[in-house]
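Just so it is clear, the values below take in all heavy atoms, side chains as well, and ignore hydrogens, waters and symmetry mates. Position 1 is the first residue of the sequence; numbering continues from there.
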Amino acid sequence: MSSDTKQLESRLWEAADHLRANSALRLNEFAEPVLGLIFLKFADVKFIAAKKDLEAERAKATSKRQRPITPEDYHSRGVLYIPEGAHYSHLITLPEGTNMGKAVNDAMKTIEGENKELAGILPKNYNLLENSAIISLLKNFNQIPDTIEGDAFGLIYEYFLGKFAIADGSGGGEFFTPTSIVKLIVEILEPFKGYIYDPACGSGGMFVQSVEFIKRHFEKGKKLKAAREVSIYGQEKTDQTVRIAKMNLAIHGLSGDIKQGNTYYEDLHRSLGKFDFAMANPPFNVNGIDKERIKDDPRFPHGLPRTDNGNFLWIQIFLSALKNTGRAGFVMANSASDAGHSEKDIRAKMIDDGVVDVMVAVGSNMFYNVTLPVTLWFLDKGKKKTDRKDKILFIDARNIYHQIDRAHRDWTEEQIQQIADIVRSYRGEGIKKYTDIKGLCKVAALEEVRAAGYSLNSGRYVGAADNENVSDVDFETTVRGINTELEKLTEEAHGLENKISKNFGKLF
């Protein structure tokens with residue numbers, strides 16, 4: 001990204017955030033209309049450019065009798081049709097005293113009417129904003145030049161998603177996964193072609209980066225076909241997040257089937273064995289799931305965990321969605337790698353079945369809503385027919401990061417490729433031959449994993465590099481895991497005591 005674009009993003013956010021701070025609206029009420037105006041600016045610029053091209057083509061045509069240009073002409077170019085009265089330039093020049101909330105709402109309704117894939121998606125709550133706030137936002141986003149290059153609009157949109165996620169704290173992470181995490185998942189999965197599924201799709205970042213991956217790896221001249229190589233299917237719990245995801249796809253020139261529903265109980269895409277790729281950042285450690293409603297659900301072939309925790313429900317949702325050659329990559333709480341009892345039983349079945357392929361330990365502060373480290377899991381059903389069938393690659397990437405600020409980290413493009421190259425060499429796809437590196441990566445045989453109690457904790461196998469100390473965060477994670485296990489054992493002990501007491505009483 002150019003420094004000019006970075007500076008522009010910063011200016012745009014500062015102005016919008018100033019309005020947010022002085023607004024009576026809650027953050028989620030403010031975020032959607034702001035993103036909607038960025039979307040409208042993007043769509044209008046694309047429309048104007050396409051209109052010039054279409055008119056130039058008509059001027060060169062030899063035929064005197066020509067049909068008028070229609071919305072379908074724009075749609076065939078992957079451009080949204082913007083009717084008269086809905087253009088960004090029209091809204092920003094409306095006279096003083098105009099009801100701006102109604103004007104923008106009407107513009108959004110008109111655009112939806114001409115572009116059926118956007119029906120019911122665009123925000124239409126601008127009446128909640130004061131006239132002065134809407135005018136300020138319109139002027140703010142008008143700083144985005146019509147000649148901006150490449151996917152800068154998409155980058156600005158994602159930048160705002162990320163900033164809203166930071167500002168919203170724990171809630172923001174529900175719809176936005178940091179781009180560097182998504183990029184690594186995609187680089188390791190390699191979704192060149194096929195059906196992609198994200199049952200916790202948030203703002204749709206996994207889909208966007210999948211297409212960007214194809215563009216990066218396609219030969220020059222084929223980039224425009226990248227979006228046609230994959231079919232996108234997503235599911236999200238809240239209607240607002242579904243709308244944000246669809247706007248995010250549209251701003252990148254993509255379309256997909258995104259449905260609203262609670263993935264624990266509703267399999268709206270009939271996912272069993274359907275997808276080439278599954279990728280997600282699901283909510284961690286969710287309790288209170290009604291297991292009675294899903295006890296006969298075929299998406300859980302290894303059974304339901306007795307623990308009141310949804311982690312191994314999600315893991316099986318991803319696994320069961322894959323075709324026989326499918327791959328899955330997802331974010332998961334560290335605790336799932338070593339969880340005991342029924343969760344361990346499910347994990348052991350997956351390991352013995354040969355579908356666990358790569359485990360990547362991720363350091364702290366990489367997410368906006370999770371300060372502790374997490375783990376990236378990668379499953380591969382097609383692995384059984386390769387020489388990796390009895391192996392698992394463990395990568396400890398906790399010491400690989402770029403410090404954004406005191407509280408947040410990410411990966412640079414070089415660091416993402418560094419980690420992905422380890423996986424490629426393990427698969428035999430890279431130029432270099434794979435080699436274990438102490439403190440960074442190790443290929444462990446399944447016998448070793450079984451001997452370690454079916455643990456999928458990368459640190460257990462990779463070990464520590466020479467002179468490397470255990471961090472406070474690692475110590476805290478270890479202690480929390482031990483404490484959780486102790487609590488479970490204590491609970492079981494009390495249960496056994498009660499049973500023994502009851503049985504003893506029956507003897508007399």
Side-chain angles (χ1 to χ4, degrees), residues 182-199 206-207 209-211 213-214 216-218 226 229-233 267 269-280 282 298-302 312 314-332 336-337 346-360 375-395 419-434 441-450 454 456 458:
V182 180
K183 282 185 176 180
L184 179 63
I185 290 174
V186 170
E187 284 290 335
I188 291 177
L189 285 184
E190 300 178 325
F192 282 108
K193 188 181 184 69
Y195 292 84
I196 300 177
Y197 180 49
D198 184 344
M206 298 285 181
F207 303 131
Q209 290 303 326
S210 292
V211 174
F213 168 84
I214 298 171
R216 287 196 300 275
H217 292 273
F218 261 45
E229 299 299 314
V230 292
S231 298
I232 291 168
Y233 297 84
D267 184 15
H269 291 294
R270 299 180 180 179
S271 64
L272 283 177
K274 179 177 179 178
F275 294 96
D276 298 287
F277 304 97
M279 54 186 83
R299 293 178 298 164
F300 309 110
H302 298 311
F312 276 87
W314 281 111
I315 291 171
Q316 291 188 82
I317 286 171
F318 304 134
L319 177 62
S320 64
L322 299 179
K323 295 180 180 178
N324 289 334
T325 56
R327 290 177 177 175
F330 49 91
V331 185
M332 186 48 60
S337 301
I346 295 171
R347 189 173 65 246
K349 290 175 184 177
M350 294 173 59
I351 292 170
D352 287 337
D353 198 30
V355 298
V356 180
D357 193 26
V358 180
M359 301 292 294
V360 180
T375 303
L376 304 184
W377 290 49
F378 295 91
L379 312 179
D380 188 346
K381 278 192 172 180
K383 172 190 166 187
K384 300 176 187 178
K385 296 182 179 180
T386 72
D387 58 4
R388 310 190 320 273
K389 62 181 180 180
D390 296 321
K391 303 173 184 176
I392 298 175
L393 170 63
F394 293 93
I395 299 175
I419 300 168
D421 282 344
I422 296 172
V423 181
R424 294 186 187 112
S425 63
Y426 156 70
R427 291 175 178 158
E429 300 169 352
I431 299 174
K432 296 181 180 179
K433 184 178 179 180
Y434 175 82
C441 59
K442 180 181 178 178
V443 173
L446 292 192
E447 290 83 357
E448 184 179 355
V449 177
R450 293 185 185 108
Y454 287 96
L456 290 177
S458 292

Can you list the residues that meet the side-chain contact (heavy atoms from CB on, under 4.5 Å) rule with [X], with sequence neighbours excluded?
X    : value
L272 : P298, R299, S320
K389 : none
D380 : R327, D357, K383, R388
S210 : V186, P191, I196, M279

For [X], enumerate each residue passing the ring pair (Phe, Tyr, Trp, His ring centres under 6.0 Å) test, keeping only those at least two apart in sequence or located in another chain.
X    : result
F275 : Y197, Y233
F213 : F192, H217
F378 : none

Of all residues at least two apart in sequence or in a different chain, which pass the salt bridge (charged side-chain N to carboxylate O under 4.0 Å, His left out) check with [X]?
X    : value
K349 : none
K381 : none
D390 : none
K391 : none

>> According to side-chain hydrogen bond (donor to acceptor under 3.5 Å, both in side chains), who are the partners of S337, at least two apart in sequence or on a separate chain?
In response: none
